[in-house]
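Have a look at the structure below, then the notes.
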Amino acid sequence: MARIETDVLIIGTGPAGSATAALLSSYGVENMAINRYRWLANTPRAHITNQRTMEVLRDLGREVEDEAYMHATQQELMGENIFCESLAGEEIGRMKSWGNHPLSKAEHVLSSPTFMNDLPQTYMEPLLFKTACSRGTQARMSTEYVSHEQDADGVTTTCRDRLTGETLTIRSKYLVGADGGNSAVAEHAGLPFEGKMGVGGSMNILFRADLSRFVAHRPSVLYWVMQPGADVGGIGMGLVRMVRPWDEWLIVWGYDITQPAPEVDAAMATQVARQLVGDPELEIELLGASVWTVNDMYATHMQNGRVFIMGDAAHRHPPSNGLGSNTSIQDGFNLAWKLAAVLKGQAGPGLLDSYSEERAPVAKQIVTRANQSIGEFGPIFQALGMAEGVKPEVMQKNLEARCDTGPEAEKQREAIREAIAFKKYEFDAHGVEMNQRYRSCAVATDGQIEPAFELDADLHYQPTTWPGARIPHVWLFDHLTGEKHSTLDLCGKGRFTIFTGIGGEGWEAAAAEVGPEFGLDIGVHLIGPRRKIVDHTGDWARAREIGDSGCLLVRPDQHVAWRAETVSGDPGAELRRVLRTVLNR
Ligand code: FDA
């Protein structure tokens with residue numbers, strides 16, 4: 001029996017597995033990623049790519065970030081979220097989405113050096129996988145995970161080579177189950193879950209057809225269609241989703257989960273497409289059709305010893321809010337540096353406990369949010385008098401009634417407006433995407449109180465340097481060249497980084513002294529006039545929540561590990577104390 005060795009074995013080359021492999025290889029960690037299939041994502045699936053995910057890609061390298069933008073549909077074309085009776089039929093209303101409302105756009109621009117975009121999984125996955133392989137990940141396609149056993153020193157995983165039928169054994173120090181919503185790794189690791197699988201049924205119909213005439217004047221990713229059956233199963237309403245503007249589309253249409261899943265053949269696909277587009281003559285080039293279930297389930301713990309789960313293996317939910325592949329990639333960003341630190345002897349194994357402590361609450365949050373978003377279509381149905389199901393005659397009557405004069409019609413118009421505006425919790429929920437604050441053994445708050453959210457935490461990102469939060473983005477400038485760098489560009493890339501200012505020279509000396517004791521090369525930025533990095537605008541001074549001589553210790557995943565208001569009497573001792581805590585040494 002063939003036997004292979006590696007430090008980290010990753011099951012799955014989806015967004016979670018490929019991102020983790022790319023990060024581990026970037027950090028110089030031996031890893032292998034396997035996929036039971038011979039192909040990467042063969043349908044567009046996930047697509048909404050949020051700023052935090054783009055920051056992970058930017059951390060992997062500007063060339064990775066740039067390639068993502070090159071393939072993506074830009075943010076401006078994602079902007080109108082349309083509700084209609086069909087693409088050709090009457091528009092019921094719309095809302096600016098995905099950071100395209102001018103107020104939301106300002107928040108996006110202020111929050112990150114990156115842009116939200118629409119990058120179908122058929123582009124994202126190859127980009128991450130290519131990055132992993134080009135940096136040294138051993139990738140094995142047509143290789144299926146079968147089982148694993150762990151002992152005190154490592155994990156022995158049994159796989160099947162699907163080309164030869166042979167069994168092979170892979171010995172690794174750690175095992176990562178990024179094997180999707182039916183994760184065998186999660187099951188074999190005995191990890192606990194809450195919630196339910198299969199709470200709704202849905203079908204995807206992928207097709208080509210030039211629909212410019214219906215959509216180009218109101219560019220959007222999502223066109224929500226209210227037709228009979230739109231409230232059954234599925235993701236809240238019938239959906240025509242742009243895959244490529246404006247000639248490649250994915251229809252998402254629900255079915256009753258208590259009935260057998262429908263056979264989606266060419267005739268059925270064409271009929272559904274004609275119905276939702278509202279053109280009985282429409283010809284489509286059918287590219288594929290599949291059925292899937294809406295899930296509402298999350299792991300309450302994501303680690304068993306040397307085995308971790310991430311991505312859909314840990315959080316199983318509908319595509320609402322576009323959180324699927326985003327959260328999966330962000331799981332990888334959280335775990336990869338910790339595995340690297342432990343494998344390099346910089347951290348004790350206890351650091352790895354912080355992965356589940358930090359990411360399991362996120363899993364719960366996003367599964368709950370995504371499922372809640374399905375229910376929040378209800379008020380739109382209600383406002384149109386269709387709480388009991390969509391009936392074309394009733395809908396027509398109500399659509400006509402909303403045009404009347406008189407108080408009833410005015411009330412109805414208001415109800416429709418409000419129900420649509422409320423959908424910002426699904427289509428413009430910047431806070432859900434960006435507000436993740438970690439509480440764990442890998443963060444030292446020293447008892448500092450978490451700042452309360454001043455605005456709705458689901459809708460608005462609130463920057464803070466409170467330990468556990470991601471470092472706020474502001475632009476800083478190179479004193480000599482004038483080149484601008486985001487604070488996020490000045491940290492990350494597998495390193496711990498200290499941000500300080502004039503008077504904080506002691507932190508610089510402490511990093512040089514204490515870093516090597518932990519095997520760390522700690523980056524230091526001493527920011528101020530005539531220093532290498534200058535805060536010309538004062539934005540950093542306003543964002544950092546510490547004094548000039550204070551210290552922000554930032555983890556490789558750009559989250560703040562610890563902060564000090566001012567320089568202490570013995571910065572070396574202080575830094576040593578904090579690193580011992582954060583790195584479990
Ligand atoms: P993902 O499922 O992408 O990858 C799992 C990987 O593990 C694959 O490489 C698979 O081959 C591999 N694997 C599984 N078992 C294995 C085994 N035993 N041995 C070896 N390899 C194994 N999201 C969204 O935001 N919008 C959308 O419209 C959709 N639509 C959609 C449709 C369909 C049909 C699916 C299946 C999923 C979606 N999603 C979606 C969800 C989105 O695609 C999902 O959140 C991410 O792909 C999750 O990424 P992961 O890497 O965690 O799992």
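None of these values were measured; they are calculated from a predicted model. Remember, it's 1-based here, ligands and their atoms both numbered in the order they're listed. If you read the sequence from its start, that first residue is 1, and numbering goes on from there.
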May I ask you to identify the nearest protein heavy atom to atom 22 (C) of ligand 1, giving residue, atom name and distance to one decimal place in Å?
R36 CG, 3.7 Å
Any idea which protein heavy atom is nearest atom 7 (O) of ligand 1, and the distance to it?
G12 CA, 3.2 Å
Among the heavy atoms of T327, does any lie under 4.0 Å from an atom of ligand 1?
no
Mind running salt bridge (Lys or Arg N to Asp or Glu O under 4.0 Å) on R58 and E55 for me, showing each step along the way?
CA-CA 5 Å; R58 189 177 171 98; E55 288 170 2; over 6 Å; no
Which residue owns the protein heavy atom closest to atom 2 (O) of ligand 1, what's the atom, and how far is it?
G180 CA, 3.6 Å
Would you say that L128 contacts I329 through its side chain, given a criterion of any heavy-atom pair below 4.5 Å between the two side chains?
yes
With heavy atoms of S325 as the reference, note each atom of ligand 1 found under 4.0 Å away.
45 (O)
Give the atoms of ligand 1, by number and element, whose distance to some non-hydrogen atom of G324 is under 4.0 Å.
45 (O)
Find all atoms of ligand 1 within a distance of less than 4.0 Å from any non-hydrogen atom belonging to G311, and give their numbers and elements.
52 (O)
Against heavy atoms of Y37, which atoms of ligand 1 measure under 4.0 Å?
11 (O)
Does N35 reach ligand 1 with a nitrogen or oxygen that is under 3.5 Å from one of the ligand's nitrogen or oxygen atoms?
yes
What part of L40 sits under 4.0 Å from ligand 1 if we count only heavy atoms: the side chain, the backbone, both or neither?
neither
Looking only at atom types and distance, does a side-chain atom of T122 sit under 3.5 Å from a main-chain N or O of N42, one as donor and one as acceptor?
no
Can you find an N/O atom of W292 closer than 3.5 Å to an N/O atom of ligand 1?
no
Is it true that A178 lies under 4.0 Å from ligand 1, counting heavy atoms only?
yes
Heavy-atom side-chain proximity of M268 to E263 below 4.5 angstrom
no
Going by distance alone, is a donor N or O of one side chain under 3.5 Å from an acceptor N or O of the other, for S440 and E358?
yes
Side chains of I235 and W224, heavy atoms from C-beta outward: is any pair under 4.5 Å?
yes
Considering heavy atoms of the protein only, find what lies nearest to atom 14 (C) of ligand 1 and give residue, atom and distance to 0.1 Å.
D179 O, 3.3 Å
Those atoms of ligand 1 less than 4.0 Å from some heavy atom in R241
28 (O)
A student checking ligand 1 against I11 at a 4.0 Å heavy-atom cut-off should list atoms 19 (N), 20 (C), 21 (N)
Going by atom types alone, do S25 and N31 pair a side-chain donor with an acceptor below 3.5 Å?
yes
Name the closest protein heavy atom to atom 36 (C) of ligand 1, giving the residue it belongs to and the distance to 0.1 Å.
R45 CD, 4.1 Å
Counting only nitrogen or oxygen atoms and a 3.5 angstrom limit, does D312 reach ligand 1?
yes
Heavy-atom side-chain contact between L163 and R38 under 4.5 Å
no
Whether H317 lies under 4.0 Å from ligand 1, heavy atom:
no
Which heavy atom of the protein is the closest neighbour of atom 4 (O) of ligand 1, given with residue, atom name and distance?
G14 CA, 3.6 Å
Charged N to carboxylate O below 4.0 Å: is that the case for E67 and K130?
yes
Does D557 use its side chain to pair, donor to acceptor, with the backbone of W337 at less than 3.5 Å?
no
Which ligand 1 atoms, with their elements, are less than 4.0 angstrom from a heavy-atom of N204?
32 (C)
Whether D179 side chain and A184 backbone form a donor-acceptor pair below 3.5 Å:
yes
Close N or O approach (E125, ligand 1; < 3.5 Å):
no
Taking 4.0 angstrom as the limit and counting only heavy atoms of E144, give me the atoms of ligand 1 inside it, by number and element.
18 (N), 19 (N), 20 (C)
Does an N or O from T13, backbone or side chain, lie closer than 3.5 Å to an N or O of ligand 1?
yes
Pairs of nitrogen or oxygen atoms closer than 3.5 Å, one from L250 and one from ligand 1: do any exist?
no
Ligand 1 N/O within reach of Q121 N/O, cut-off under 3.5 Å
yes
Is the contact between A46 and ligand 1 made by the side chain, the backbone, both, or neither, using heavy atoms and a 4.0 Å cut-off?
both
Do any nitrogen or oxygen atoms of P15 lie less than 3.5 angstrom from nitrogen or oxygen atoms of ligand 1?
yes
Looking only at atom types and distance, does a side-chain atom of Q150 sit under 3.5 Å from a main-chain N or O of N304, one as donor and one as acceptor?
yes
Report yes if some heavy atom in the side chain of Q51 is under 4.5 Å from a heavy atom in the side chain of E433; otherwise report no.
no
Quick one: look up the protein heavy atom nearest atom 51 (O) of ligand 1 and list residue, atom name and how far away it is.
A16 N, 2.9 Å
Just by distance, do the side chain of N100 and the backbone of Q75 share a donor-acceptor pair under 3.5 Å?
yes
Calculate, to the nearest 0.5 Å, the distance between atoms CG and CD belonging to D247 and E285 respectively.
10.0 Å
Identify the protein heavy atom lying closest to atom 18 (N) of ligand 1, giving its residue, its atom name and the separation to 0.1 Å.
Y145 O, 3.4 Å
Under 4.0 Å between a side-chain nitrogen and a carboxylate oxygen: does that hold for E80 and K96?
yes
Side chain to side chain, W246 and L77, heavy atoms closer than 4.5 Å
yes
